[in-house]
Structure formats: structure tokens, C-alpha cells
Amino acid sequence: MAEERPAKWGLVVDLDRCTGCNACIVACALENNVPFVGEDEVAYGRALYWIRTQRYWEGEYPEVTPTFQPVMCQQCGNAPCEPVCPVYASVHSEEEQINLAVYNRCVGTRYCANNCPYFARVFNWFDYELPEPMRSYLNPDVTVRRRGVMEKCTFCVQRIVRGRQKARAEGRELRDGEVQPACVQACPAEALVFGDLSDPESRVSQLARSQRRYHLLEALGTLPRVTYLKGVGNHGG
Amino acid sequence: MRVKKSWWQSGGIRIAAAFVFLILFGGAASGIYLSQIPPEQPIAFPHKTHVALGAQCAYCHPAADWGPNAGLPSLSKCWGCHQQVQKKSPELEKLAGYVQRNEPIPWVPVAIQPDFVKFNHQPHVRAGIACETCHGPVSQMTVALPQPRQNMGWCLDCHQRMRPNDFVRLSDCATCHY
Amino acid sequence: MAVEAKPLETAVPLPHAEEDPREHLMFDPRPREVMNRMVMEAMTTTSRRYWAWVIGLALVVLVCLLGAWGNMILTGMGLAGIRRPVFWGLFIVTFVFWIGISHAGTFVSAILRVFKAEFRRPFTRAAELMTTFALAAGALYPLIHLGRVWVFYWLIPYPNARWLWPNFRSPLVWDFLAITTYLLSSTIYLYLPLVPDLAMARDRTTGWRHALYRLLALGWRGTEAEWHRLRRAITIFAFAIIPVMFSVHTIVSWDFAVGVVAGWHSTIFGPYFIIGAILSGVAAVVSILFVLRSTMLHMDYFIRKEHFDALGKLLLVFSMAWAYFFFNDYLLTWYGGEEAARRILTLHATGPAAWVWYLMLICNVVIPWLTLWNRTIRRTPWAMFIITLLINVGMYAERYTIIPLTLGHQRMPFDWGVYTPRPTEISIVIGTFALFLLLYLLASRLIPLVPVWEVQEGQMAHTLRKVGKAEVPSVTELE
């Protein structure tokens, strides 16, 4: 088998295009079996989201405009969550160059969650049972987490693995845009673009070179794999 | 004054007895751990006979070549052969019964992995791993027997032996867990 | 003047000496057998009130600790009030609190032993017991706060079928190793000086107690060779356990300091935590001594006002040292002007939970500084009891400020949140307090709480000599 180029998966979020429709959140929850925790728990701040839209208001009432900022795990190259996990449940993938959340290894110290400056990690406070017919919605490709386990955005690693296995079986390389996380697939405004950053010609690489680019909390040196494109103020952004 | 101790009070005997107990106990425990009881199947399917007649694994479990699960043959695949080969046997009558009632055979899966292990047959088959490597000598089994000690170390051991240069990649957590 | 270096203020007799040197335990010797009897009597006397406390505390442990914890294991961590972004709450606060308390025994026993502070003699054992039991209570918390406690053994390095090891880069693994080491070494350090006293108890008891002490005394006969070895072992352990003690709370502080969390990432956290731990630990020793003195027989002979006085001075020094580190940590971080850290510090002092921050400062600084300089207050046991309890309240508030109040307001304002403890975790915290007291109560009637041989050794070294008309205390250098 030919030696494969290790991919360096990355995501670009164009804040100028984000309308704050939250389709990404729904798509993510369904793809990744993210449980629904109920109103009370959400109100208490225990909602399980792998991606969330941070909405800030700008200006003084009544002259206010909302700004939306989808935030998911930034898949840091130098991730603060990784060294603190005592059991390697939060570990850097050599293969995918992303941060993995190994649910079956997690013992639930929640140290990674404290140490994540983006608060991208969520915890299964309880077992969230789905009522019977809804169990059929569960995605068989993703482990259903039980209580006491941390979880977070994985860039839909199940799709990446599946896509690569398919490409390898067909004896070819992955095409740009062939693998897409659920949020990217669901985004109606194409505010999210996913791809291989190690390929300079991929769409995501081209966008990530934009002059509007920035990273969240760049000063911390976490080397995020998610690039934001600053909104220029046309519609929020 | 030394009090005469009875023989079972001497240290050597006690230590020896403790050793014997530990060996027996350890043997029994590992025996229970290593012997796995195959589940009751609706039909006592003789793999032995079918393999001896020249049937390839992939004839009945073809999905191993393109997907995660090897799959089980459908009723029509069984019946495709067996409506011609009508050897009298109680097991085959059971099969005929399922065909008459047109209901699928409720096979009990034997080689199962926990939910958090995402095993895919395809890359393994494509890499030329023989089925017997993991499933044991099926050609000598009647019903499929579960293989003992198929744990994470067993997977990693094989990955390391077969592809030492690729082991960093193949020992990545996301290879199996996501 | 060399005498004055000892903490014996009355070394130089004043013209109108208010107190007799005989007020000091060391100058008020009694025959060994009398002291043995007193200790044995204190150990074997139980009142109805004692049993009521034992049963009450056992019930609290059963319901509040085991019941609530069991329920939480079966239902999920959500029963505790923690939530995003405050992932660590009362459990870790109380964990740090107990590990802090556990520093008292080692400090009082090992450091004061190494520096030959004579006032330590009657209560080294009481302090060492505190170390062991506070560690036992504290070591539960890393388990309690695990989301999946049933796989806690994954933190232990051992070869396994998964080919996996714990992550030695993680402070939690350091924690695990440090606490195990400290628990083991402090238990041995508690046990070693106990052997002669256990032998003493063995020779004066019958029945099940005799059988127990015979087993534990390891056949101690009191020969010269045995004493020689025991002293050497104690000296080695006293020196060896001091770095262990320092390492434990330093590593606990690293749980926070190595993080990227604003307000935690401080280079001074190691010594700051150690000073806080010793402050709270010594304060807890004083509280316990007051209880022992007022409830157990003959304890007023062994534990005297002079001891409260001496510990009070130590407390004042440590309170000042704590304030110094606090000042360094807060002022310099604030002055550094990193936006997130600065906002957190401002929030501590002005936010909705600012009362915790002020409680910390009042209890740890204002109260000790206002009271402990005063000799009369230092020599009033009940006043010292109240002050030391307040110091521990203050230290609890310090940990509460550092953990949940800091976590709730990190760099992204969208994720800010407030944490309120819920009944389950409060119940578990109460349960471990009850566990500590229960273990202490039981131990106080099971092992001689005063190291008689150490007291006697001290008394033999101290004498009053007549110089002219005045009686001058004199001390023989030991060892």
C-alpha cells in the first residue's frame, strides 16, 4: 500500500456567513448521539452541546445587533486538555492530528474540562435514556456514552475513518470535501468549511489564508485547528 | 520449654498447603476465564461439514469484504443449496420449518465486540488476514465457538506484529474507539 | 540566655513571677507509673456521652457519607451542584482542606521533633493521629469526585491487558502517588513511637485489649538495643517525612497551578498552599487539644495552657506568612494585568460571592492578628478553640475562593456561571467530617493518646536548680 500523507484536518468558520440558525447544533446532536438532557438541566447549564452558538449583543438598546460565533472543540495542536488527563482519555491522535475523546477510557475527573479555555467539553451528569422509539435514531457508528464520561466534538471522526477506509479500499486518496462533519453538511449558509489543511489547494486551506482569519484566544498558544474569519459587519458576524 | 506442635502447625506444611491451594485456585479461576461457553443456536450449524465440502467463508459471509460486519447468510441463500441437497437430518428439518414459515433464523452472534469498539472487517480482509487468525479453526467446529482472551492487548499485539512500521497509526485510539 | 531559646518564657525568674515554673509539664514531673496509670485510665474510661457521640457519628457516616455517595454513584455526578463551567466544586475544596489538615501531625511531630521544641512532647501523638485520619477522610475525595469510580484502578500503574499506563504527565497521577506515599509513611511514623506505649498498655490490660496490644506491640521489651533502634528509626523517619509532607501539598497545588485556568496559573501556589496547610493543620491541632483536654480524664495534666500559648505563637507566625503569600499571589497577578486573571481577582472581592473572600481574610488574618498577640488570650483554651475553628473556616473559604469561584469566570464571558452546592455534596462533606471525628473518637479509646515515654524523657531532662534564693529551670541537651 502506498505511504499515505497524514491529513491535518481543519475547519474554517466564516462569521460573515453565520446566521445563527443553530442547524449545526441539531445536526451534531443527531450524528453523534449527543443526549437531550431536558429543560431543567439545560437551564442549570448542563446542556450537552458539542457545538454551540455564542450570541453576543452589540450596541445599546434599541440599536442592537446580534453577533453569532459557533464554537466547538478547537482541536488544538497544543491542547491543554491532553496532559492533565490521568488515563489518556483525552489524547492526541497521531493518525488524524486531532484531539480524541476516548469515552471508554474516561474515568470522569473533569480536569480536562476545567483546563479547556474554550469550555468545549461537556460531561454526562446522568444516564440520559431515550424513550423507546427514539432509540432507533441513534447512530450505530458512535458510542453511546454513559454517565460520568466527558465528551466533545471529534470533527465526526467516525466519518473521517469511514471515508478513509472507503478511499483506501478503492485505492485512491480522499478527495477534498469528501469527508464532512455533520455541522458542515447541515450549514445552509456554508459558514463552515472542513478539509485537509496540509493540502494547500484544499478549499479550507485557501479560506484559512484569508486576511480575515483569527483563532480563538490565540495568545494562549494552543494552536487551534479551527480558524475563524472575522465578520466585516454586513449582517452581524 | 518447647511445646510439641502437631504436624499441621509447622510452618513448612502450612506454606506448602497455601501454595497448593493457590495453584488449584488460580488454575480453576483461569480455567473458568479461558473456557467460554458457546451460546445456544437455533440450528446446530456444522461449519465443519460445509468447509469440508469446499464452501469458502466469504460465500456465506460476503460482507466482510466491503463492510464492518461479515453478515450472516439469508434464508434464501441457505435454501438455495439445501432445497437440492435434501439430506435427512433433524437440523435440516428445522431449516425447512423456518423456510415454510418464512421467518428469519434467529442466529445468536458469537464473535461480538463491546459497543465502544468499532471493528471493521474490510481493512483486515483486504490486508489478507485469514479468517482463522481471529475466529479460530472454524473448519473443525460445528457451531462457531467464541475465542478466549480477545481483548485490547490481543488486538494491539497483532497490529504490532503485522505492521510494525505502521504501529503508531494502528495503535491510535481512534482506530477502534470513537 | 541559651535557655531562653527554648520556648520557656519563665526561664529567667521575674521579681514578681506571675507563674510558677511548675506550671510547665516538664517541671512538674510525676513518677512513670503514675503517668502510665493516668493514660490508661483516660483510655479505658468511657462515659455514656462518649457512646452517644460514637453512635451518632457512625449513623451520620452511614447515612450522609455512604448513603449519599452510594446514591450518587448509582444516579450520576449530576446530584452534585457542579455544572459547566464549574466542573470542580465542594469535593475538591474539601479534598484540599483535609490534605491541608493532614499537614499538622507531620509539622508538629516531625519538624518540632527535629528542631527539639520541647513543648511538642505531650501532643505529638494526638497530632499524628490527625494526620492519618485527615488523610483517610481526604483520600476518599479523589474517588468520590470521579465520574466513574468503579474504574478508579485505571489510575494505578500496573501492567494490564489493554497495554495502557496512566499518564504520568498528569498532576492527578502525581497526586495519587504523593498521597499514597504520605498515607503510608505517616501511618508508619504514627506507629513507631507508639510501640513502647502499646507495650505499656499490653502489660496493664487483660482480655481482648491485651490480645490486641500484644499483637501490635511486636514483642517490645524495652531493652537498650530496642530503644536504640527505635530512636534511630524515629529520627530517620522524622527527617524523611518532612520532604514528603512538603511534596504532598505542593503537588495538590500543582493540580491547579499547572492548568491554563486564569487565576490558577501561579508560580507561588506551591509554598502558598503549604503555608495554608500548616496554618489550618496547626489550628486543627489546637481545636482537637481543647476537646481532648476538656473531655478526657487527666488530660489537663498533660495538656496545659503553656501548650496553647506556644501553638498560639506558631499560629500567629503562620497567619502572617499566609498573608504574605496571599499578598504576593494576588497583588502581583493583579498588577501583571492579564485581563482574565485581573477580572477574576476583582470578581473575588466584589462579585456576588465576595463574602467568601472577606470571610477568608477576616478569619485568616484579622482575627489571628487581633487576638493571638495577647498572652492572656493565648492562654485561654476556649478562646483558642474558637479562634482556631475560625481559622479553619477561613482556610475552607480560601479553597472555595480558589476553586469554584475562579472556575466560574474564565476567559469567554459566554461561559460564565455560578455554582451552588447541592444537598448531596454538602451531605458527603458532613459525612467525611463525621468520619474523621468518629475515627478519632474510637482511636482515643484504643491507643494511648499521650506518648508517656516521650513526656518522661523530657521531664528527666528538665530540672529546677536552686541558684541563691531563686529556682532556675535547667535543661539537659538530649541526644
Side-chain angles (χ1 to χ4, degrees), chain A residues 37 41 43-49 52-56 69 71 76 78-91 102-128 145-150 216-217 219-222, chain C residues 73-89 92 142 145-155 162 164-176 255-256 258-262 264 338-340 403 406-408 410-420:
Chain A
V37 299
E41 289 291 280
Y44 191 62
R46 285 179 177 170
L48 297 188
Y49 299 135
R52 61 179 188 270
T53 320
Q54 297 192 349
R55 187 197 58 201
Y56 295 106
Q69 187 180 41
V71 177
C76 306
N78 183 14
C81 57
E82 284 167 4
V84 298
C85 177
V87 291
Y88 287 120
S90 173
V91 66
V102 190
Y103 314 119
N104 48 311
R105 180 66 175 166
C106 178
V107 296
T109 65
R110 305 187 293 291
Y111 200 167
C112 54
N114 279 340
N115 218 27
C116 174
Y118 310 102
F119 283 99
R121 297 177 149 266
V122 287
F123 188 67
N124 284 271
W125 301 100
F126 297 105
D127 278 325
Y128 302 103
R145 281 80 58 186
R146 69 186 301 188
R147 66 180 187 273
V149 171
M150 292 300 312
L216 285 188
L217 302 179
L220 292 178
T222 52
Chain C
I73 293 174
L74 294 177
T75 324
M77 279 307 287
L79 288 184
I82 33 183
R83 52 174 261 188
R84 210 175 71 96
V86 186
F87 284 95
W88 285 357
I92 301 294
H145 106 119
L146 280 192
R148 299 203 296 164
V149 67
W150 49 94
V151 288
F152 80 96
Y153 57 88
W154 287 351
L155 294 170
R162 294 176 289 277
L164 289 174
W165 292 91
N167 179 4
F168 288 106
R169 284 194 302 165
S170 166
L172 295 185
V173 173
W174 311 340
D175 246 2
F176 174 78
D255 283 352
F256 310 106
V258 302
V260 73
V261 176
W264 281 3
E338 199 222 325
E339 190 49 37
I403 301 165
T406 301
L407 277 176
Q410 283 301 308
R411 293 184 176 84
M412 309 239 273
F414 189 81
D415 298 308
W416 284 2
V418 192
Y419 155 83
T420 13

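Sequence lines set the chain letters: A, B, ... in the order given, protein chains first and strands last, and positions in each chain run from 1.
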So what's closer than 4.5 Å to chain C heavy atoms on [X]: side chain, backbone, both or neither?
X     : answer
A/V91 : neither
A/P83 : both
A/S90 : neither

For residues [X] and [Y], report the shortest heavy-atom separation together with the two atoms involved.
X      : Y      : value
A/N114 : C/W264 : ND2-CH2, 4.1 Å
C/G147 : A/F123 : CA-CZ, 3.9 Å
C/G259 : A/N115 : CA-OD1, 3.1 Å
A/R46  : C/G81  : NH2-C, 3.7 Å

Checklist entry - Atom CD1 in C/I82, atom OH in A/Y44: separation rounded to 0.5 Å? => result 9.0 Å
Side chain of [X], backbone of [Y]: donor and acceptor closer than 3.5 Å?
X      : Y      : value
C/R84  : A/F119 : yes
A/R110 : C/F87  : yes
A/Y118 : C/M412 : no
C/R148 : A/G148 : no

Item to check | Between C/W165 and A/Y88, ring centroids under 6.0 Å | outcome: no
Checklist entry - If we only count heavy atoms from C-beta on, is the A/T109 to C/L146 side-chain gap below 4.5 Å? => result yes
Next on the checklist: Can you list everything that forms a side-chain hydrogen bond (donor to acceptor under 3.5 Å, both in side chains) with A/R147? Sequence neighbours excluded, please.
Outcome noted: A/D127
Checklist entry - Taking the six-membered ring of C/W154 as reference, does the NZ or CZ atom of A/R105 fall below 6.0 Å from its centre and within a 45° cone about the axis? => result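 So A/R105 does make the cation-pi contact.
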Next on the checklist: My understanding is that only residues two or more places apart in sequence, or in another chain, count here; which of them pass side chain to side chain contact (heavy atoms under 4.5 Å, CB included) with A/N104?
Outcome noted: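 Side chain to side chain contact (heavy atoms under 4.5 Å, CB included) list for A/N104, sorted by chain: A/V102, B/F116, B/H177.
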Item to check | Interface residue of largest heavy-atom contact number with chain C, from A/R146, A/E82, A/E41, A/R52, under 4.5 Å | outcome: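 Option with the top pair count is A/R52.
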